[in-house]
Amino acid sequence: MSKKLIIAIDGPAGSGKSTVAKLVAEKLGYLYLNTGAMYRAVTLKALSAGVDLDDESALIDVAENCVIEFANSGTKTLLDGVDVSNELHLPHVDKVISDIVKIPGVRRAMVAQQQRIGEQGGIVTEGRDVTTVVFPDADVKIYLDASLEERAKRRYKELKEKGEEISLDEVEADMRMRDEKDSSREDSPLRVAADATVIDTTHLTIEEVIEVILHEEEIL
Ligand code: DC
């Protein structure tokens with residue numbers, strides 16, 4: 001296929017978006033654009049600069065002035081030139097991020113960067129609003145879902161592998177809270193786009209999900 005597509009994938013935490021998007025991008029030779037990593041980088045910068053998390057305009061200022069770049073086909077995230085990939089998923093980021101990403105000015109700054117990165121096509125992007133707000137005209141729209149229990153297990157395993165001291169119950173409670181906040185915020189809540197293909201990944205392997213995306217959507 002010669003046209004460079006925009007493939008957009010939304011869904012809650014732990015639904016498999018990152019793994020699937022990364023692999024689909026690799027197969028197609030596309031850029032992987034992880035929009036959650038951008039919000040995580042802003043959160044990290046605000047935390048490390050000691051910004052008051054109740055000060056919306058200071059947070060917007062951080063979002064408007066940080067330089068986020070992707071390296072290694074999108075698998076590494078650079079914040080102001082420094083590789084922060086290993087810090088983005090730490091629990092102290094997860095704890096506060098929902099309150100930062102709901103701020104419209106923060107979202108506007110990130111959406112503008114995301115649209116610039118994707119304007120030529122040839123991307124597989126994932127997040128919470130990439131099928132609805134960032135790329136409403138994406139060529140392919142997918143909504144990935146899975147049960148909360150399964151999603152918490154997946155994230156718990158990832159954190160344990162990184163040596164984090166956290167229980168499965170804590171991970172699940174944290175995820176439930178973030179799901180609620182992401183779905184109920186006023187600006188760009190997580191929702192299923194009318195023209196998205198919904199895939200429940202609870203009982204599917206990564207390969208099966210990729211198969212559905214590439215073949216049902218007739219990309220290959
Ligand atoms: O996908 P993730 O868990 O890395 O996302 C981190 C947070 O950022 C999560 O709370 C949802 C939010 N997010 C968002 O609001 N919009 C996006 N496009 C991507 C992520």
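A quick note: this is a predicted structure, and the numbers were derived from the prediction, not measured. We number each residue from 1, following the sequence as shown. Order of appearance sets the numbers: ligands from 1, and atoms from 1 within every ligand.
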Asp129 N/O under 3.5 Å from ligand 1 N/O: yes

Working for side-chain contact (heavy atoms from CB on, under 4.5 Å), residues Asp179 and Arg151: CA-CA 11 Å; Asp179 280 357; Arg151 293 188 289 111; 2.6 Å; yes

Numbering as shown, the atoms of ligand 1 that approach Asp182 to under 4.0 Å (heavy-atom distance): 9 (C), 10 (O), 11 (C)

Protein heavy-atom partner closest to atom 1 (O) of ligand 1 - residue, atom, separation in Å: Arg128 NH1, 2.8 Å

Donor on one side chain, acceptor on other, Asp169 and Ser167, under 3.5 Å: no

Option set Arg178, Gln114, Arg107, criterion heavy-atom distance to atom 16 (N) of ligand 1, minimum: Arg107

Which atom of Lys160 lies closest to which atom of Ile166, heavy atoms considered: CE-O, 3.4 Å

N or O contact, Ser98 vs ligand 1, cut-off under 3.5 Å: no

Polar contact flag for Tyr39 and ligand 1 (N/O pairs, less than 3.5 Å): no

Per-atom contacts, ligand 1 versus Arg40 - under 4.0 Å to a heavy atom: 2 (P), 3 (O), 4 (O), 6 (C)

Audit row: Arg176, Glu180, side-chain contact (heavy atoms from CB on, under 4.5 Å) steps and yes/no: CA-CA 6 Å; Arg176 179 180 287 114; Glu180 271 167 26; 3.7 Å; yes

Numbered atoms and elements of ligand 1 in range of Ile97, under 4.0 angstrom, heavy atoms: 6 (C), 7 (C), 8 (O), 10 (O)

